[in-house]
Amino acid sequence: MSHVLILGTGGTIAGTASDPGRSWAYRAAQLSVEQLVDAVPELAACALATRQVAQIDSKDMGWVTWQALGQAIEGAMADEATSAIVITHGTDTLEETACLLHALHDGRKPIVLTAAMRPATAPDADGPANLVQAVQLAQAAAQRGEGGVAVALAGQAWSARDVRKAHSHAIDAFDGGGAAPLQGHDPWPQPEARGWHGLRHAQPPRVEVVTSHADADGWLVDAALAHAQASGSKLDGLIVACTGHGTMHEKLEAALQRARDAGVLVWRSSRVARGGVQPRDGDAWPAAGAWTPAQARVRLLLELLSARR
Ligand code: ASP
C-alpha cells in the first residue's frame, strides 16, 4: 500500500512553550515530525511515513537545508511506495521554499507544504488541523494524478507559485499576493521541472536584497561592492525591493549602475504586498514579475546557477 511521506523541517508547528498561557514565548523546532503525527488522532488510520530532514526555525533556512530537502524529495520521487509528500515548515520562509520547489519539481507527485502560527503546546494550536488538511490535500491530489506543489494552511490551499506570508501573527497569515486560493479539484499550476541538480552546487551564488526607501542613496550597494573587492569574494546578484511598480531612488539607481558595471545582475521586485513588477518593453532593469523580493532572490539564484553549467 502506498503512503504519504511527511518530511519534517521544524518551524512553529514543531514549537513548544514552557508556559502554554504565554504561547508567544516559545521555541520553534522542538518536536520531531513523528511526534507531530502521533499527536493527531485523525491521522491514525492514514498510511504515513515520516522523515526528519532538518530541525530549524525557518528564519534560519538556507542552502544546506534546501539541499537536504531536495535529496529527500528526489528519493521519494523514485520510491514507488510514496504517493505524495507533505513538508512541515516554518512560516517565515515558507514562501521561499515553496517558490524553489515550484521551480525544481517535475510534477510527478504532489508536494504539500504546511506550517503553523501557534506552537504545538498552545491552547489554540493550529498545527494539528493544518497537518490533517495537508495530508488530505496530498492524498486527494495523488488520487487524481495531480503533481504540483501546494501549500495548505488555515483551511485554505495556495499554489506554491503564488503563496506568501501576508500577516505577521494572524492564524490565516498567508495569501496569494492577489492570486486566488486553489479550490476543490482545480488543477494546480504546473511546476517548472528545472530539476534538482542545481542544488548539488556546494556554494550558491551570492544574491542580496536591497530596499528602495526615502534617502536610499546606494550606500549599502557601494559597501557590498567594496567588501567583495577587498575580500576577493563575489557579489553575483541583487534584488531591489522597489517602491510601487518598480521605481527606485535615483541615487540607489546610480549605485546599482555601478554594481551592474562590476558584473552584478540586478532585478527589480516590489516592496508593495501585491502586484509585483510586471516586465515592460524597454525596461532598463529586468522585472521579477509577481514574486516577492525574497522569492525573486530564489529565482535569480536559479538563473545564475543555470548560467554556471
Ligand atoms: N519562526 C518560525 C519559523 O518560521 C515561525 C513559524 O513557523 O510560524 O520557523
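Each ligand, and each atom within it, is numbered from 1 in the order the structure gives. Every value quoted in this text rests on a predicted model; they were computed, and no experiment measured them.
At a 4.0 Å heavy-atom cut-off, ligand 1 does not touch A29 at all.
With hydrogens and angles disregarded, a donor-acceptor distance shorter than 3.5 Å links the side chain of T114 to the backbone of A152. No donor-acceptor pair closer than 3.5 Å links the side chain of T16 to the backbone N or O of T121.
Between D175 and R274 there is a salt bridge, since at least one side-chain N of the basic residue sits less than 4.0 Å from a carboxylate O of the acidic one. Ion pairing between a basic and an acidic side chain is recognised when a charged N comes within 4.0 Å of a carboxylate O; E253 and K251 show no such pairing.
Of all atoms in ligand 1, listed by their number and element, those nearer than 4.0 Å to a heavy atom of A116 are 6 (C), 7 (O), 8 (O). Taking a cut-off of under 4.0 Å to the non-hydrogen atoms of T12, the atoms of ligand 1 that pass are 2 (C), 5 (C), 6 (C), 7 (O), 8 (O), 9 (O).
Polar contact with ligand 1: present for D57 (N/O pair, distance under 3.5 Å).
Nearest non-hydrogen protein atom to atom 4 (O) of ligand 1 is S58 OG, 2.5 Å. What sits closest to atom 8 (O) of ligand 1 on the protein, heavy atoms only, is T91 OG1, 2.5 Å.
Looking at L104 and E192, their side chains never come closer than 4.5 Å, going by heavy atoms from C-beta outward.
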